[in-house]
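Before any comments, here is the structure.
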Amino acid sequence: MRTTTRDERLAVARAAYADVPLYDPKRSPVALDLTDNTNLWGVPPAAEQVLRTVTSPVITRYPSLYAGDLKQALGEWLGVTTDMLVTGCGSDDVLDSAMRAFCDPGDGVAASVPTFAMVPIFARMNDLVYTGITEKEDHTLDVPALLATGAKVIYVCTPNNPTGCVTPLATLREVASQHDGVLIVDEAYAEFAGVSAVALVHEFPRVLVVRTMSKAFGLAGLRIGYAIGHPALVAEVEKSRGPYKVTALGEQMATAAVRESMDWVQEHVALAVSLREQLADALRARGFAPLPSGANFVCVPVPNAVAVGQAMRARGVAVRPFPDLPHIGDALRFSVGPWTLLETCLAAFDAAHAEVNGA
Ligand code: PMP
């Protein structure tokens, strides 16, 4: 991706943005997109019902300031009070706002590598110093090295994107108990793992658990994320986030999903988990060694992953290639969806792998 040079930038542009490229992967549309780990089964029925019955004030008037109804529904579901919740325009917005809330320019953000690609970008956008600490060979966190960075914010994604590996609660507790700053636990895929760090927020006032309605809840297009933490921690993120970040339609649809469609969500989470294992078995049967995943995707080491990904794209199927991951090498990440889609994906993968790697 081309970065604008300093000379080409307007004199008024913020210095910290000089080396920040616009996030724009320029992905062309494709018949079957298995790149973004969204819910390929559709929209929770209660949310769809809201869409059918919505009246014009939902569009013409401003939304609620801080998504109070959605917080009420999320709080009842998660067993926390509404002052322990902050919402945002996707969990991207919550992560970005949290960094801004807790860090002054020049402060550090540390994360285990590999992890969610937006984290270093949000750090740079907020004029923070990002340090990536390579995970251990068994895909666990290098806790002493993360702590030794002295970063104000330590970010841990579990299940991790892109590996799918789950960090045990004991490890999160170890980090939280020794870290002076804020521990952000990104649980975008927690529903598929069946374990959550939400309980830690009652033990540690500086743990912020960030979650999303883009994955298990099938609402990625509405852009709704949230976080759970001690009221004083959450209040700072709320300030940093600002008002009106969740649309009125988004709030109503998400609230309905949480209140009335949890059965649908749980049913499709269970389906995704079982198909994830079926997909991993199919890859193992082909001689590959997919990483253990607690998410709705499977990460599998594949030689020349970028070229294989391109050859799959040429066949109408997109998966996400990751070149040269530490301890892993080249890998492909496959989102899990209905089995018919995964069969199409596997057929494209077989043909692409044969074409590129001569297997
Ligand atoms: N965290 C992780 C680990 C993700 O994979 C994603 C989306 N790819 C996000 C956060 C952001 O999701 P959203 O902004 O849609 O909530």
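When a ligand or atom number is given, it counts from 1 through the structure's own listing order.
Of all the heavy atoms of Ala188, the ones lying under 4.0 Å from any atom of ligand 1 belong exclusively to the side chain. By the criterion of a heavy-atom distance under 4.0 Å, the side chain of Asp186, and not its backbone, is placed next to ligand 1. Contact annotation for Met118 and ligand 1: no heavy atom of the residue comes within less than 4.0 Å of the ligand. Residue-level proximity to ligand 1 for Arg223 is carried by the side chain, the only part with a heavy atom below 4.0 angstrom.
Within ligand 1, the atoms closer than 4.0 Å to a non-hydrogen atom of Gly90 are 14 (O), 16 (O), numbered from 1 in the order shown. Near Ser214, with a cut-off below 4.0 Å to any heavy atom, the atoms of ligand 1 are 13 (P), 15 (O), 16 (O). Residue Thr212 approaches ligand 1 through these ligand atoms, each under 4.0 Å from one of its heavy atoms: 13 (P), 15 (O), 16 (O).
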Handout entry: Full working for salt bridge (charged side-chain N to carboxylate O under 4.0 Å, His left out) between Arg223 and Asp93
Key = CA-CA 9 Å; Arg223 310 300 301 122; Asp93 180 38; over 6 Å; no
- Query: Would Val43 and Leu219 satisfy side-chain contact (heavy atoms from CB on, under 4.5 Å), going step by step from the backbone distance to the final call?
  - Reply: CA-CA 7 Å; Val43 179; Leu219 301 177; 4.1 Å; yes
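Using a distance-only test at 3.5 Å, with no hydrogens or angles considered, a donor-acceptor pair links the side chain of Ser261 to the main chain of Ala46.
Note on ring orientation: taking the six-membered ring where Trp is involved, the planes of Phe349 and Phe334 are perpendicular (angle over 60°, cut-offs 30° and 60°).
Between Asn161 and ligand 1, an N or O atom pair is found at a separation short of 3.5 Å.
Taking atom 12 (O) of ligand 1 as the reference point, the nearest protein heavy-atom neighbour is Ser91 OG, 3.3 Å. For atom 4 (C) of ligand 1, the nearest protein heavy atom (residue, atom name, distance) is Phe116 CE1, 3.5 Å.
Checked by atom type, the side-chain pair Asp330/Asn304 shows no donor-acceptor distance below 3.5 Å. Counted by atom type alone, Arg52 and Gln49 present one or more donor-acceptor pairs between their side chains at under 3.5 Å. Residues Ser335 and Arg320 have side chains that never bring a donor and an acceptor to within less than 3.5 angstrom of each other.
Distances from ligand 1 to the non-hydrogen atoms of Gly225 include no value under 4.0 Å. In this structure, Cys157 has a heavy atom closer than 4.0 Å to ligand 1. Taking 4.0 Å as the cut-off, Lys215 counts as a neighbour of ligand 1 on heavy-atom distance.
Applying the ring-ring contact (aromatic ring centres under 6.0 Å, His included) test between Phe217 and each of Tyr189, Trp77, Phe192 identifies Trp77 as the sole match. The side-chain hydrogen bond (donor to acceptor under 3.5 Å, both in side chains) with Thr87 is formed by just one residue from the set Arg241, Lys245, Glu238, Lys71; it is Arg241.
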